[in-house]
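Let me begin by presenting the structure, written as structure tokens, before commenting on it.
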Amino acid sequence: MKKIYWRPSKVPRIILVVIACLAIGGMGAVEVFKTKNKQAFYKEKMKASRIMKKSIDVLRESRIKKVGPIDREADPSNSGLIGLPESSITSKFGHLPSKQTSANPNWAGVMVDMLKKAKVREGDTIAAAFSGSFPAINLAVYSAAEALSLDVVAVTSITASSWGANAPQFNWLDMESVLYKKKIISNRSVAASLGGYEDKGFIRSKKKRQILHEGINRNKLPLLEFESIKESIDARLELYAHHSKGKSPGAYINVGGGIISVGSLRGKALYRPGLNLKHSSSALGVDSVMTRFALEGVPVIHMVRINDLADQYGLPQSPAIMPSVGEGDIFIRAQYNLYLTGTVLLVLLLLLYFLLKLDIGYRIFGGSHMPETTKHPEPMV
């Protein structure tokens, strides 16, 4: 014979409170006791960032000797990679906070992450378009290439936006040469262009153009100078093919907004910041070096909107001091402890089962709350 007992149709409030408190406590434990996990390619990222940190230290000393004291208001982290507000090789206005954000050795770790996701392998060649506007990001490319044993075929546009490598006596090509001579990097630019409007430098100023020519000549690089953008694109592609022995590069990296690399301001905006493996038809409709490589199926890394990329990869914006190597989510990320999360979930499910399904909760907490006799009796169970 089955036993028949009475229980109320509503769950006693005290049981709901107990379950809610335990659930909140479990959620709090999951949030507090997270685990710190090393991210993929941790060793390679750390190696690249150490190389970039060493490069920054070396360039800081050279910069002080050739340009003068560092302006700590513009360059609070004392990187030596923040240039001048204006100079004879400044192409346009630059965003100072973006330049400050870029002066972080951990961008080399970000570059390793992008190259690995692009499936670049040891011994591959990568093509790059450098701008004097972001010397720190150029350094990140070289540092990642050193860590991953990659060859870099780079072309530099020598002009720079304000706060970039725009000191006439110490432009980006000069920085490259210092690091190359000290054997910190194994590659340097194979050619240079004037940059600026349609990659022709300062058309209305012969004096400024002469300064640009002098900067290229003292670094003993061939000058790329053509009448049309199409001719410039074709010449760069021939140069990349020659130095990579006819093989497609493992990736193409564009730093900044060089007109030949991106095609136009519209072309620059049509590619996402960071790694691009898929491309819109609108982006592919703008002729540029970047588009030509994209049409060949070469992964494109578009280093623009630096502050947005910093947020994406967990790097600080405009740091007041130079970040240490290995700082950022790209290296170690706090993640939920799956074992703890599973245990909390299991405990809550068991509590719900025992306290509600088996009526143990009512027997513990609800015995003193019998229904009034004047009310209509509730159904038996």
Side-chain angles (χ1 to χ4, degrees), residues 39-41 44-45 48-49 51-52 98 101-102 104-157 172 185 187 189 233 236-237 240 243-244 247-263 267-280 283-284 286 288-315 328 330:
Q39 299 302 289
F41 314 111
E44 293 90 340
K45 292 173 183 176
S49 295
I51 294 171
M52 185 169 173
S98 295
T101 299
S102 72
N104 179 343
N106 296 309
W107 279 105
V110 172
M111 189 58 60
V112 167
D113 188 77
M114 292 182 185
L115 288 168
K116 282 294 188 180
K117 288 179 179 176
K119 307 298 184 185
V120 174
R121 296 176 294 181
E122 181 178 338
D124 280 355
T125 297
I126 58 175
F130 289 149
S131 164
S133 298
F134 282 96
I137 302 301
N138 299 343
L139 277 183
V141 176
Y142 277 138
S143 301
E146 292 295 321
L148 298 176
S149 300
L150 306 175
D151 289 324
V152 183
V153 181
V155 175
T156 290
S157 56
W172 167 246
I185 59 175
N187 301 274
S189 295
I233 294 172
R236 276 172 172 72
L237 290 171
Y240 287 131
H243 285 276
S244 60
K247 296 181 180 179
S248 293
Y252 176 70
I253 303 174
N254 169 69
V255 180
I259 194 68
I260 307 304
S261 182
V262 301
K268 177 181 176 181
L270 290 174
Y271 287 88
R272 296 186 307 276
L275 177 61
N276 289 254
L277 296 176
K278 296 181 180 180
H279 318 282
S280 67
L284 297 178
V286 178
S288 65
V289 175
M290 193 155 54
T291 293
R292 299 275 188 97
F293 277 124
L295 288 169
E296 292 180 13
V298 175
V300 169
I301 297 175
H302 191 31
M303 296 305 292
V304 295
R305 290 164 55 185
I306 299 303
N307 281 348
D308 290 347
L309 285 173
D311 287 340
Q312 180 180 340
Y313 286 95
L315 299 183
I330 195 69

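Here, residue 1 is the first one in the sequence, and each next residue gets the next number.
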Original post:
Can you name the nearest heavy-atom pair linking Ser49 to Pro105, along with the distance?
Top reply: OG-O, 3.3 Å

Original post:
Between the side chains of Tyr252 and Ser261, is a donor N or O closer than 3.5 angstrom to an acceptor N or O?
Top reply: yes

Original post:
Hey, is the main chain of Ala310 close enough, under 3.5 Å, to the side chain of Thr101 for a donor-acceptor pair?
Top reply: no

Original post:
Any side-chain heavy atom of Arg236 sitting closer than 4.5 Å to one from Ile260?
Top reply: yes

Enumerate, atom names and distances included, each donor-acceptor pair closer than 3.5 Å involving a side-chain atom of residues 144-154, sequence neighbours excluded.
| residue | atom | partner | partner atom | Å |
| --- | --- | --- | --- | --- |
| Glu146 | OE1 | Ser186 | OG | 3.1 |
| Glu146 | OE2 | Ser186 | N | 2.6 |
| Glu146 | OE2 | Ser186 | OG | 3.0 |

Subject >> Any residue meeting ring pair (Phe, Tyr, Trp, His ring centres under 6.0 Å) with His279, in chain and number order, not counting sequence neighbours >> reply: Tyr271

Subject >> Residues forming a salt bridge (Lys or Arg N to Asp or Glu O under 4.0 Å) with Asp124, sequence neighbours excluded >> reply: none

Subject >> N/O donor-acceptor pair under 3.5 Å between Asn254 side chain and Gly256 backbone >> reply: yes

Pair up each side-chain donor or acceptor in residues 294-301 with any protein partner under 3.5 Å, not counting sequence neighbours, and list the distances.
none

**OP:** Give a yes or no on this: more than 12 heavy atoms of other residues, nucleotides or ligands lie within 6.0 Å of atom CZ of Arg305.
**Re:** no

Original post:
Would you say Lys45's side chain and Ile330's backbone share a donor-acceptor pair under 3.5 angstrom?
Top reply: yes

**OP:** Could you tell me the separation between the CD1 atom of Ile126 and the CG atom of Leu115, rounded to the nearest 0.5 Å?
**Re:** 5.0 Å

Original post:
Taking side chain as C-beta onward, heavy atoms only, is Val112 less than 4.5 Å from Lys116?
Top reply: yes

Original post:
Of all heavy-atom pairs between Ser143 and Ala48, which one has the smallest distance, and what is that distance?
Top reply: CB-O, 3.4 Å

Subject >> Pairwise side-chain contact, Val155 with Tyr240, heavy-atom cut-off 4.5 Å (strictly under) >> reply: yes

Subject >> For Arg272, all residues meeting side-chain contact (heavy atoms from CB on, under 4.5 Å), sequence neighbours excluded >> reply: Asn276

Original post:
Between the side chains of Ser189 and Thr156, does any donor sit under 3.5 Å from an acceptor?
Top reply: yes

Original post:
Atom OG in Ser102, atom CG in Leu309: separation rounded to 0.5 Å?
Top reply: 11.5 Å

Subject >> Flag side-chain contact, heavy atom, 4.5 Å: Met111 against Met303 >> reply: yes

**OP:** On the 0 to 90° scale, with breaks at 30° and 60°, tag the Trp172-Phe130 ring pair as parallel, tilted or perpendicular.
**Re:** perpendicular

Original post:
Just by distance, do the side chain of Asn138 and the backbone of Ser131 share a donor-acceptor pair under 3.5 Å?
Top reply: yes

Subject >> Candidate pair Thr125 and Lys247, rule side chain to side chain contact (heavy atoms under 4.5 Å, CB included), full reasoning >> reply: CA-CA 8 Å; Thr125 297; Lys247 296 181 180 179; over 6 Å; no

**OP:** Measure across Gly250 and Val120 and return the closest heavy-atom pair with its distance rounded to 0.1 Å.
**Re:** O-CG2, 3.6 Å

**OP:** Could you check if a side-chain atom of Trp107 sits within less than 4.5 angstrom of a side-chain atom of Leu139, using non-hydrogen atoms only?
**Re:** no

Original post:
What residues, two or more places apart in sequence or in another chain, satisfy side-chain contact (heavy atoms from CB on, under 4.5 Å) together with Lys117?
Top reply: Asp113, Leu275

